[in-house]
There are 2 protein chains.
Amino acid sequence: MDCIKIFSPATVANVSCGFDVLGFCLDHIGDEMIIKKTKERDIKITKIKGANLPFEVEKNVAGAAALAIYQDAKPDYGFEIEIYKKIKPGSGIGSSSASASGVVFAINQLLGKPYNATQLTQFAMKGEAVASGCEHADNIAPALFGGFTLVKSTQPLEVLSLPTPADLYATIIHPQIEVKTAEARAILPKKVDLQHAIQQWANVGSFVHALHTNDYDLLSESLKDKIVEPYRSKLIPYFDDVKNAAINAGGLGTGISGSGPSIFTLSKDEKTAKNVEKAIQNVYSKTDIKFNTYVCKINTEGIKII
Amino acid sequence: MDCIKIFSPATVANVSCGFDVLGFCLDHIGDEMIIKKTKERDIKITKIKGANLPFEVEKNVAGAAALAIYQDAKPDYGFEIEIYKKIKPGSGIGSSSASASGVVFAINQLLGKPYNATQLTQFAMKGEAVASGCEHADNIAPALFGGFTLVKSTQPLEVLSLPTPADLYATIIHPQIEVKTAEARAILPKKVDLQHAIQQWANVGSFVHALHTNDYDLLSESLKDKIVEPYRSKLIPYFDDVKNAAINAGGLGTGISGSGPSIFTLSKDEKTAKNVEKAIQNVYSKTDIKFNTYVCKINTEGIKII
């Protein structure tokens, strides 16, 4: 195989109760990338569509991730990368992760699959670091593993692949405002109330249990966040209105996707997820803010060859 | 049925990563109680062996718990309680919980089992409050549900029964020193580092996943605690030595049982659990402190009728 075309999905990190550790993978919404083997022993970005991103390999998220796997594998050939961005950078649904994880997945295929998903996550984190300044795996892991993931630790990297209840759907709203990841990080306190932390780890435990037991009610009761949401929700206009509308429309739980501004809702079937979409469209339609909404199943496969 | 004799087991709360929410139930180690129906419509404690505890019903943990269920059920008869304490009060393996949960379990049997385990937990918490000043469920839940439990919330009370890997054994050492629960609570900070809290909820999530997947390695890697152990371990002489000895002997993880002074170790089979016992006996034998050790399987049944 000398050329591969892939779909690299958007992802939701944090998932209310699991700040910095939980994530899940979306279907339909994602970038496309074409990676070709070349005779020249280097990495080149030859095409970028859909976003204004640097062609310099070290400064490009996909480029930096590609370099990481390339320098480890040391093949006697190189790679050309074409990037077709469909996820808007800064949307909070893992735009940089899609680029970073997509490129390492594709190169691994062209190399003959010498690396496992955890190793690929490690390479992709080098790309993510170009975008966010530090190496996170909470968006990369769900893209590479599919479904729900828990990043148990980053040093050493340990990713758990969690079960996905069959009927789970996500509704996403992306208000077209800018929330800088650095600002969303800076706004968080360095210390948190022990009592809130206890509630949070009870919820992470019950969330994982709910995934294993297909317990949608418990899933709903676990999707809570007293640690991060009270701070970051202030950066997203009408967050509380969206949340109320989504829950009233039957959603299991609503929270900030990554560091925002996108907001996710989980629902137990497609019909409810579409009702949630209508309800939150209704909230934002009354404002001046442009927005997009999406409804999709949880993607248990992750990145796909197309 | 007019009379019932039960075995009410010792329990381990917190389980390293799950402060205030996780617990598991021990086998063999526990109190015995005999409860009899009486014509007089009240609760009486007629016998207490093995510990110096009050006979006044309201001031006795079992008495207060019995009152709670009795006043809710309002039967046209009363109950006499005999308590045979084998778990030393203040040992940190749920002595008061054994009394509180044992009595409500037994009375529920004599009433014809109108209450479920969550309701019984609620009644038993009234007894626990007599001992600790506040209503905790982290020792009561494993006694009443058996196996591993997660107290998702106390208001409203929600207890999850988690799966127990078949070959899991516990080794307990009870150094005969006094650690007051109130002091062990007061020593804890009101606020904790967000980074430590994140590690803790990653560990609770991975612990629950490990129980569901019988993953002993992951169980081992999840049994960590940067929140409470650094403070409370100072109240337990030679804690670090015990921990090192237990891990070197093959234990999966070692931590403080409840608020101490007992220390628990989980192992993946009986032989390892006994090797752990020898190793920690060796540590304490060199000191002036009296101690007891126990090895037992995880008790998935909880309180038993004998």
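Throughout, protein chains are lettered first and strands after them, A, B, ... in sequence-line order, and every chain is numbered starting at 1. As the structure is a computational prediction, the values presented were derived from the model and not from experiment.
Atom NZ of K226(A) has 12 or fewer neighbouring heavy atoms from other residues, nucleotides or ligands inside a 6.0 Å radius. Taking a 6.0 Å sphere around NZ of K243(B), one finds it holds more than 12 heavy atoms contributed by other residues, nucleotides or ligands. Other residues, nucleotides and ligands contribute only 12 or fewer heavy atoms inside 6.0 Å of the NZ atom of K268(A).
In terms of heavy atoms, A202(A) sits closest to V21(B) at CB-CG1, 3.7 Å. Heavy atoms only, all atoms of each residue included: W201(A) and F19(B) are closest at NE1-O, 3.1 Å.
Counting heavy-atom pairs closer than 4.5 Å to chain B, the top residue among V208(A), V204(A), V192(A) is V192(A). When the candidates L160(B), L211(B), L22(B) are compared by the number of heavy-atom contacts under 4.5 Å with chain A, L160(B) comes out ahead.
Side-chain atoms of K152(A) come within 3.5 Å of backbone atoms of E221(B) as a donor-acceptor pair (strictly under, hydrogens ignored).
The aromatic rings of H212(B) and H212(A) lie parallel to each other, their planes meeting at an angle below 30°, with 60° marking the opposite boundary.
Only the backbone of K190(B) comes within contact range of chain A, with at least one heavy atom under 4.5 Å from a heavy atom of that chain. Residue I198(B) touches chain A through both its backbone and its side chain, counting heavy-atom pairs closer than 4.5 Å. There is no contact between Q199(B) and chain A, counting heavy-atom distances below 4.5 Å. Proximity to chain A is limited to the backbone of S161(B), based on heavy atoms less than 4.5 angstrom apart. Using a 4.5 Å cut-off between heavy atoms, S153(A) makes no contact with chain B at all.
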Next on the checklist: Checking L218(A) against E158(B) for the side chain to side chain contact (heavy atoms under 4.5 Å, CB included) test, could you report, in this order, the C-alpha distance in whole Å, the side-chain angles of both residues, the deciding distance, and whether it holds?
Outcome noted: CA-CA 10 Å; L218(A) 185 60; E158(B) 193 168 1; 3.7 Å; yes

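Screening I227(B), D20(B), V228(B) for a side chain to side chain contact (heavy atoms under 4.5 Å, CB included) involving L194(A) leaves a single residue, I227(B).
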